[in-house]
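Worksheet: one structure, shown below.
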There are 2 protein chains.
Amino acid sequence: MSAAFDASDLKVIAFDVFGTVVDWYSGIAAEAERILPGIDGGAFALAWRAGYQPAMKGVMERLAAGEGGFTLLDELHMSILGGVLRDFGIEDLDADRKRDLNRAWHRLPAWPDAVPGLARLKRKYIICSLSNGNIGLLTEMAKNAGLPWDCVLSAEVFKAYKPDPRTYLGVAAVFDVSPGQVMLAAAHHDDLAAARTCGLRTGYIERPMEFGPSRPKDVSPQLDNNLHARSIEHLADLLGC
Amino acid sequence: MSAAFDASDLKVIAFDVFGTVVDWYSGIAAEAERILPGIDGGAFALAWRAGYQPAMKGVMERLAAGEGGFTLLDELHMSILGGVLRDFGIEDLDADRKRDLNRAWHRLPAWPDAVPGLARLKRKYIICSLSNGNIGLLTEMAKNAGLPWDCVLSAEVFKAYKPDPRTYLGVAAVFDVSPGQVMLAAAHHDDLAAARTCGLRTGYIERPMEFGPSRPKDVSPQLDNNLHARSIEHLADLLGC
């Protein structure tokens, strides 16, 4: 990362949410075990999340081809869930419990550093989400976990999904600032790379346990990022908040 | 208003903002007097606000005719401001001060009951804005005034302005609830009437001083509203928060 990073012009920090701010692995694992007693919650969480990239790819291709409207992440999660349940041999889950399980994504726990870190950053910057999650999902998650967003921004606002440039540039446009006055904070290098292409600043957040304790993630620094933080509290330290 | 109003199914309260949650008259008057010494700030505020309805009507007509894109309220305020400055005999305001003045709408003070009332309502309901203001304006206003929104919703999210049904029904869709599970709270009967047509519940908030102390507003109850409150704190009382 650049040792010479100058944050004096920074106005907005937009956060990736799943994995970066909230712990989807633990949250989904616990909810799956509650609703589907006897299941391996961790494996269930990994399988559900693994369905996301291919499903989202399909949605983006259909949207680009003009063959489909915008799909909410809640709908996408539900469509993936059907296949995951089948793979786990569960064919008879009733609609109410399926809906309850799908809304587990609304109740994900924040990483322990997230709420205190965001509260500190909020005193100096506009802090918002920038997620492919839908607005309702992100709002209920924030309410449940106490995430103090100034504003919930989402693919749903821009009618485009990350890594579409309209999402990253959309944040700058919403707040009437230049792309360089916005930082994306995320635990995923591909997301950060796409934001950087649009002129945003980038801050990497280490989440070695994103995929659970049995699958530690490489969190080595990537030199292209402006900042590399061990946590959101550490990001607040680095930004003098 | 209905004495038999049953709030047990209510999930979301969406608030009109200008006049209902914040005091645009006092805020604009004070900022105009600060930036334009010697001016009658109250008259300036009334003139600027009076330009809103005709300008918005023009924007909505052009949008409906497919002749123009979505216009941010910040842009609309700026275009109205030019005429107001001319009417007040001010021809030479530099661009920086004009921009500063236009952003006075981002710095409007909350009515004294708004922050404590919203904080109480937030414990039981999802609370959001529903305003023709743009997201950036509403977010900065919330940050400045301490408005504890769960979510900033705006005409900008729905690419339609109130009283277009897409705005009121859009709130219900965002939170995946029925229109009857959403209440619009507003100090304006026309806004509430349009929401009611879409199936929303309505709560009137008295703001007799919306147009300043010399132009008290009739705040008589209108029987079609589900609730009639003297303030947002009183709304919280009525809803048992």
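Just so you know, these numbers use all the heavy atoms, side chains as well, and skip hydrogens, waters and symmetry mates. The chains referred to below are lettered A, B, ... by the order of the sequence lines, with proteins before strands, and numbering in each begins at 1.
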Max heavy-atom pair count under 4.5 Å with chain B, selected residue of A/I126, A/V12, A/V177:
A/I126
Tell me, please, which residues at least two apart from [X] pass side chain to side chain contact (heavy atoms under 4.5 Å, CB included).
X: B/P112; value: none
X: B/A110; value: B/A114, B/V115, B/A145, B/L147
X: B/A185; value: B/I13, B/F15, B/I205, B/L235

Which of these, A/L153, A/I135, A/V152, sits in a side-chain contact (heavy atoms from CB on, under 4.5 Å) with B/V157?
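When side-chain contact (heavy atoms from CB on, under 4.5 Å) is applied between B/V157 and each of A/L153, A/I135, A/V152, only A/I135 qualifies.
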At a 3.5 Å cut-off, give me the donor-acceptor pairs between chain B and chain A, one pair per line with the distance.
{"residue": "B/R99", "atom": "NH1", "partner": "A/D176", "partner atom": "OD2", "Å": "3.2"}
{"residue": "B/K122", "atom": "O", "partner": "A/K143", "partner atom": "NZ", "Å": "2.7"}
{"residue": "B/Y125", "atom": "O", "partner": "A/K143", "partner atom": "NZ", "Å": "2.8"}
{"residue": "B/K143", "atom": "NZ", "partner": "A/K122", "partner atom": "O", "Å": "2.7"}
{"residue": "B/K143", "atom": "NZ", "partner": "A/Y125", "partner atom": "O", "Å": "2.9"}
{"residue": "B/K143", "atom": "NZ", "partner": "A/D150", "partner atom": "OD1", "Å": "3.2"}
{"residue": "B/K143", "atom": "NZ", "partner": "A/D150", "partner atom": "OD2", "Å": "2.6"}
{"residue": "B/D150", "atom": "OD1", "partner": "A/K143", "partner atom": "NZ", "Å": "3.3"}
{"residue": "B/D150", "atom": "OD2", "partner": "A/K143", "partner atom": "NZ", "Å": "2.6"}
{"residue": "B/D176", "atom": "OD2", "partner": "A/R99", "partner atom": "NH1", "Å": "3.2"}

